[in-house]
Amino acid sequence: MSSFDLQAADWDKEPRRLLLSQKVAAAIRKEIQLTKNFRACEYGCGTGLLSFCLKDDIGEILLADNSSGMLEVLNQKIKDHAVDNMKTLMLDLSTHDGPDAAFDLVYLQMALHHIPDSRDVLLKFRRMLKPGGFLAIADLDSEDGSFHHGVFTGHKGFDRLALSMLLKECGFDAVKIEDLCQFTKLNARDVEQTYSIFFACGRAV
Ligand SMILES: C[S@@+](CC[C@H](N)C(=O)[O-])C[C@H]1O[C@@H](n2cnc3c(N)ncnc32)[C@H](O)[C@@H]1O
């Protein structure tokens, strides 16, 4: 059982997570002309907080994650709200490929830093997108390693310039990375600390 499986039942109880999703959804709407013809994929979707904010702007959404606990909570929410344009998929792109050229938009919130091989997963997003399709990422700016409690093997946030170059190398153009917001939470030493979040966007070449 992963740590995300264990956190899933209480994930939505932390208000800063929904607040962040609302800001990411607004940034996506501002940057991308969403339509009901869009097929989108949210990767590392957790309980689907972000996709619930966007579900009325997009035709179909595939929500993918490798935590069965998160997907169980999400499936219950989809059922409770009678949502008819969301499907879920257990998927780990570290070990599997996604569907080819299937999406107009791939988006993720606070998930990229959990995936050790950023280049590999960005190349997989590129292949999942139709030419001209959009990738949108909201994640942590470089931090001092205090964000996560317990054992953590992912990235201590991202340097914007390095990420921008990597996105271009992986087949994205029109790459933009801007400030999204900051939030304060207890760090690994149980002291309040402020972290900043960027919003990145690019188009599949
Ligand atoms: C910090 S949580 C963010 C969840 C959600 N996006 C949100 O902002 O509320 C990171 C999510 O990424 C998922 N995740 C981590 N590694 C993954 C992988 N290799 N493949 C798919 N999902 C992964 C976790 O299960 C978890 O749901």
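Note that the numbering runs from 1 along the sequence shown for the chain. Note: hydrogens, waters and symmetry copies are ignored here, and every other heavy atom, side chains too, is used.
Without hydrogens or angle criteria, Tyr195 side chain to Ser146 main chain gives a donor-acceptor distance under 3.5 Å. A donor-acceptor pair is defined here as one N or O able to donate and one able to accept, closer than 3.5 Å; such a pair exists between the side chain of Gln7 and the backbone of Ser3. With Asp65 contributing its side chain and Leu71 its backbone, the two residues share no donor-acceptor pair below 3.5 Å. With hydrogens and angles disregarded, a donor-acceptor distance shorter than 3.5 Å links the side chain of Asn85 to the backbone of Lys55. Proximity of a side-chain donor or acceptor of Lys77 to a complementary backbone N or O of Val83 within less than 3.5 Å is not detected. No side-chain donor-acceptor contact under 3.5 Å links His155 to the backbone of His114. With hydrogens and angles ignored, the 3.5 Å screen pairs a side-chain donor or acceptor of Asp139 with a backbone N or O of Leu112. At distances below 3.5 Å, not a single donor-acceptor pair connects side-chain atoms of Thr194 with backbone N or O atoms of Phe183. Proximity of a side-chain donor or acceptor of Asp5 to a complementary backbone N or O of Ser2 within less than 3.5 Å is detected. Between the side chain of Arg39 and the backbone N or O of Leu62, no donor-acceptor pair lies under 3.5 Å.
Of all heavy-atom pairs spanning Phe134 and Leu129, the tightest one is O-CD2, 3.4 Å. The two residues His96 and Leu91 make their nearest non-hydrogen contact at CB-CD1, 4.2 Å. In terms of heavy atoms, Leu54 sits closest to Ile28 at CD1-CD1, 3.9 Å. Here the closest heavy-atom approach between residue Tyr43 and residue Ser94 is recorded as OH-N, 4.5 Å. Nearest heavy atoms, Lys156 versus Asp144: CD-C, 4.5 Å. Scanning all heavy atoms of the two residues, the minimum distance from Arg29 to Cys53 falls at NH2-O, 2.9 Å.
Paired with Phe198 under the rule side chain to side chain contact (heavy atoms under 4.5 Å, CB included), one option of Leu180, Ile177, Leu140 passes, and it is Ile177. Checked options Thr88, Thr47, Asp80; the residue passing with Asn75 is Thr88 (criterion: side-chain hydrogen bond (donor to acceptor under 3.5 Å, both in side chains)).
Summarising the local packing, CE of Met165 is surrounded by 12 or fewer heavy atoms from other residues, nucleotides or ligands at distances under 6.0 Å. The neighbour count for Glu178 CD, taken as heavy atoms of other residues, nucleotides or ligands under 6.0 Å away, is above 12. With a 6.0 Å radius and a threshold of 12 heavy atoms from other residues, nucleotides or ligands, Lys36 has its NZ atom above the threshold. Under a cut-off of 6.0 angstrom, the local environment of NE2 in His81 is sparse, with at most 12 non-hydrogen atoms contributed by other residues, nucleotides or ligands.
The CG atom of Leu20 lies 6.5 Å from the CE atom of Met110; values are rounded to the nearest 0.5 Å. The line from CZ of Arg203 to NZ of Lys176 is 11.0 Å long, rounded to the nearest 0.5 Å. Separation of atoms CG (Asn66) and OG1 (Thr95) is listed at 8.0 Å; rounding is to 0.5 Å. One finds the OG atom of Ser164 at 10.0 Å from the CD atom of Glu169 (value rounded to the nearest 0.5 Å). Between atom SG of residue Cys201 and atom NZ of residue Lys30 there is a gap of 10.5 Å, rounded to the nearest 0.5 Å. Expressed to the nearest 0.5 Å, how far CG of Leu74 lies from OG of Ser68 amounts to 12.5 Å.
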Mind running side-chain contact (heavy atoms from CB on, under 4.5 Å) on Arg160 and Asp179 for me, showing each step along the way?
-> CA-CA 10 Å; Arg160 293 187 191 189; Asp179 295 337; 2.8 Å; yes
Under the side-chain contact (heavy atoms from CB on, under 4.5 Å) criterion, do Glu192 and Leu186 qualify, and how do the steps go?
-> CA-CA 4 Å; Glu192 292 239 311; Leu186 289 181; 4.0 Å; yes
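Between Gln193 and Glu143, every side-chain heavy-atom pair lies at or beyond the 4.5 Å cut-off.
The hydrophobic clustering, which links ILVMFWY residues whose side-chain heavy atoms are closer than 4.5 Å, places Tyr107 and Leu135 apart. Transitive grouping of hydrophobic side chains (ILVMFWY, heavy atoms separated by less than 4.5 Å) brings Leu163 and Phe125 into a common cluster. Following chains of ILVMFWY side-chain contacts shorter than 4.5 Å, one cannot reach Leu122 starting from Phe199, and the two form parts of different hydrophobic clusters. Cluster annotation: Leu123 is not connected to Val121 through the hydrophobic network of ILVMFWY side chains, with a link wherever side-chain heavy atoms come within less than 4.5 Å. Side-chain heavy atoms closer than 4.5 Å link hydrophobic residues (I, L, V, M, F, W, Y) into clusters, and following such links, possibly through other members, connects Met70 to Leu18.
Ion pairing of Arg17 with Asp12 is absent here, as no side-chain N (NZ or NE/NH1/NH2) approaches a carboxylate O to less than 4.0 Å. Look at Lys130 and Asp104 and you find a salt bridge, because one of the NZ, NE, NH1 or NH2 atoms lies within 4.0 Å of a carboxylate O, short of that distance. Ionic pairing of Asp97 and Lys124 is present here: one or more N-O contacts between side-chain nitrogen and carboxylate oxygen are shorter than 4.0 angstrom.
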